[in-house]
Number of protein chains: 2
Amino acid sequence: MKEPERGYMMLKQRTGDLKLIQELNRSIILDTIRKNGPISRSEIAKLINISPTTVTSAVSEIISEGLVYEDGVGTSSGGRKPVLLRFNPDTHSIIGVSITNSYIRIADMNLEGKILKKVVHPTNQLKGHEIIELILDVVDQFLMQKADLDYCQGISIISPGIVDAENGVITYNTKLNLYGIPLKKLIEEKTNLPVFLDNDANAFVLAENYFGLFSKYKDILYITIGEGVGSGMMVNGSIYRGFLGSSGEMGHTTIVDGGLKCSCGNRGCLENYVNWPAIYSRIVTAIISQNRDTVIKEMVSGDLTRLKPDIFVEAVNRQDDLAWEIMEDILNYLSIAITNTIHFFNPEVIILSGEIVQDNPLFLDAINEKVVRKVIPTLRDQVNIQSTSLGSEFELLGAAAVILHGKFKFQMM
Amino acid sequence: MKEPERGYMMLKQRTGDLKLIQELNRSIILDTIRKNGPISRSEIAKLINISPTTVTSAVSEIISEGLVYEDGVGTSSGGRKPVLLRFNPDTHSIIGVSITNSYIRIADMNLEGKILKKVVHPTNQLKGHEIIELILDVVDQFLMQKADLDYCQGISIISPGIVDAENGVITYNTKLNLYGIPLKKLIEEKTNLPVFLDNDANAFVLAENYFGLFSKYKDILYITIGEGVGSGMMVNGSIYRGFLGSSGEMGHTTIVDGGLKCSCGNRGCLENYVNWPAIYSRIVTAIISQNRDTVIKEMVSGDLTRLKPDIFVEAVNRQDDLAWEIMEDILNYLSIAITNTIHFFNPEVIILSGEIVQDNPLFLDAINEKVVRKVIPTLRDQVNIQSTSLGSEFELLGAAAVILHGKFKFQMM
DNA sequence: TTTCTTTCTCCAGTGGTTTTATTAAGTTTG
DNA sequence: CAAACTTAATAAAACCACTGGAGAAAGAAA
């Protein structure tokens, strides 16, 4: 084999053949059934503008794979009744693993993200190689108890920090002290199942788009506020990962020039002003050093170790002065960061998640209002900040969505 | 025709048929010839991994359209000599129009962006409807003098501000006082040629990718610093426009909380700290009010109306104290904004343009260094800020790239 | 000259989609 | 209630872009 003599400027691109057409059409048809089922063959044909014959042949293949089944007949306005097709989420299963700073969650799910079995394991503050060991153990044990792995589509792991999804490596995670861990490889070797690894916020966007209320949007920004502030973005229907998987570090946006020192080495990062540790320490300082009067004192019965985000949210709802003061500050910082991203990126919708946002409609209203006031006038009507739509199991749904999106959404590349 | 009874959740998606395959392959083959020509049929087949037969048939069609021609034979290492194919940029022409605050540029270009005829018209500070009239006149006159419009692919107009490319409307442009102007429609009615309208920064990214040195990148951020600060982004090989075409307003990123008042109604926008008017007024203040000593005084021979960006750049290069002081500040503000976008978006490359960047390698080195120091540690090696690669006619090349990218780069949607 | 290479093209075959019936299974109407 | 009309699903045939093999074209090497 000879090397080409000239250096060619080509990005590898898939060329077109019959296989490509079929793959594309099959994927569109399956997705149509999943989203709109029960639906008849002829309805699909009309909906996506494809010939009935193609639908018939694609559907019969999908049915033989078990992903779809016929489920009775529908009504007719003067003709043969349509045979209704329905997506069957139970022929295959997915194992989702969510790694956070406090817990490792693992679950067996069907293709609709319904949890069949779940185990939550505390991280016990383990870090570095110890937590990797723990993850391997937890996965191993979980698989031991699962009888049938033949229909398992794979293991999907999501983790905060910078993740190289293509190569399955956790590149950078200060809080868990993980740098360059080839987790995909480690688990694939142990389990012989295909393993997918992705950033948590990226997975959450996919889940909101795949399972949640945001399936009609193609450009979405997802912001999660917890121990850190992470972001994930969907652009044109696909996750945007950035160079080597390192977009979405929104928590390290400089919000205050020369402000608080951050673990990243910089100063004034958003994260340090709005994450839970920041809120916690402000409350503690106010109570202990400044002897401030607040309902929080009673709510934790004097025991500040019982102070958790939901207590703060509750205090806000009870119109507590201290809580409101802190929330106002959070809103100010956050609204600057969000306004900046709107000016720069302007997605169709921004989804906020995190314990201090959850069940806190006051927060959502206030942030919308503040951002509308900050944004340049023409964009005012476009500000659309909403709360997550996935409920409490959003982490595992995120993991599931990574596999499902990859399998069921056709992508050119 | 009956309306469907249920609301369907479907994004319109193109389904696969033979036409799609052919379109895709033809586009890949044409692009291969354009980028790598002169090149033989068999080389193309090997390069993009497609059958020689397909190449032959696609090429003969492209040749009959005039877009490609056979140009002699190449060398062989023991066999029939290959027939070389070359892209023919002169069978069709493009009319590019660039609108800025000071000038309207219009040019007739070939398919490689070579300018065949150019007219530059000052805007004479016209605004609102008057400048629209002027644009219509300028285009009209230019077309009158162009003999043959049959082979003209269309008119591509680029403009700063928020532009709705899909509908061809200038949505928002404070400096020219334009709001909701359906420019595409206005010009199509007058000329009967297809008209394309896009944001300038978006067009520049396309041009850097299509004509310039950045064709190997698929995720690019382009920042232009002039009278304002605009940005354009390419994501996964396509322009990202944001909701209703309003991404890229990077100039209105809040950089100083509670800082200078901005025309957008906000405070502390980046634009007000780094654009030319800001630099200009700082120099003037320093010279007149503070009586500062600087080489700029001599360079403009005491006449401050002659102070232009190139003089400032020259002063920086001559190590003038005042100029350096100002540049340091600009670098600081800009590096914050760039660092933020890297954390959020992290493209493979950031391209800077604008008069104070052009021919100013000191600036480029300094901004790279400052951003490297600000960015979170793992991203340090990935910082890649470069200068525009298109020379002085980048505006018209941008306009050309809009049409060429649309015509020659296959897109699914 | 003969043999080997390499390029390009013709031709039959493959396998998707579409178009055009055809069949199945109804509803509606006089 | 039978004839006429509708609608759904499939079958058969036509279509057409790609592929692979055969072969022609054109030249290099021995």
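Throughout, protein chains are lettered first and strands after them, A, B, ... in sequence-line order, and every chain is numbered starting at 1.
If you measure from atom CD of A:Gln22 to atom C1' of C:dG15, you get 8 Å, rounded to the nearest angstrom. Taking atom NZ on B:Lys46 and atom C1' on C:dT7, their separation rounds to 9 Å, with Å as the unit. Between B:Glu23 atom CD and D:dA17 atom P the separation is 11 Å, expressed in whole Å. Summarising the geometry, the separation between CG on B:Asp17 and P on D:dC18 is reported as 12 Å, rounded to the nearest angstrom. One can place CD1 of B:Ile21 at 18 Å from P of D:dC15, the figure rounded to the nearest angstrom. Rounded to whole angstrom, the span from the CD1 atom of A:Ile48 across to the P atom of C:dT18 amounts to 9 Å. Following rounding to the nearest Å, A:Arg14 (CZ) and D:dA17 (P) show an atom-to-atom distance of 19 Å. Atom CD1 of A:Ile44 and atom C1' of D:dA8 are 12 Å apart (whole Å).
Salt-bridge check for A:Asp198 with A:Arg241: passed, with a basic side-chain N closer than 4.0 Å to an acidic carboxylate O. A salt bridge is defined here as a Lys NZ or Arg NE, NH1 or NH2 lying under 4.0 Å from an Asp or Glu carboxylate O, and A:Glu23 with A:Arg14 meets this definition. Ion pairing between a basic and an acidic side chain is recognised when a charged N comes within 4.0 Å of a carboxylate O; A:Glu70 and A:Arg41 show such pairing. Taking 4.0 Å as the cut-off between side-chain N and carboxylate O, B:Glu348 and B:Lys218 do not count as a salt-bridged pair.
Between B:Asn25 and D:dC18, a side-chain N or O to OP1/OP2 separation shorter than 4.0 Å is present. Between D:dT19 and B:Thr54, a contact under 4.0 Å exists linking OP1 or OP2 to a side-chain N or O.
Rounding to the nearest 0.5 Å gives a distance of 7.5 Å between CD of B:Gln153 and OG of B:Ser93.
Every side-chain contact (heavy atoms from CB on, under 4.5 Å) that A:Lys409 has, sequence neighbours left out, goes to A:Asp31, A:Arg34, A:Lys35, A:Tyr210, A:His405.
When only modelled atom types and interatomic distance are considered, B:Thr54 and B:Ser51 share a side-chain donor-acceptor pair under 3.5 Å.
Within 4.0 Å (heavy atoms only), B:Leu18 reaches at least one base atom of the nucleic acid.
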Under 4.0 Å protein heavy-atom contact, by nucleotide of nucleotides 8-13 of chain C - B base, S sugar-phosphate only: SBBB--
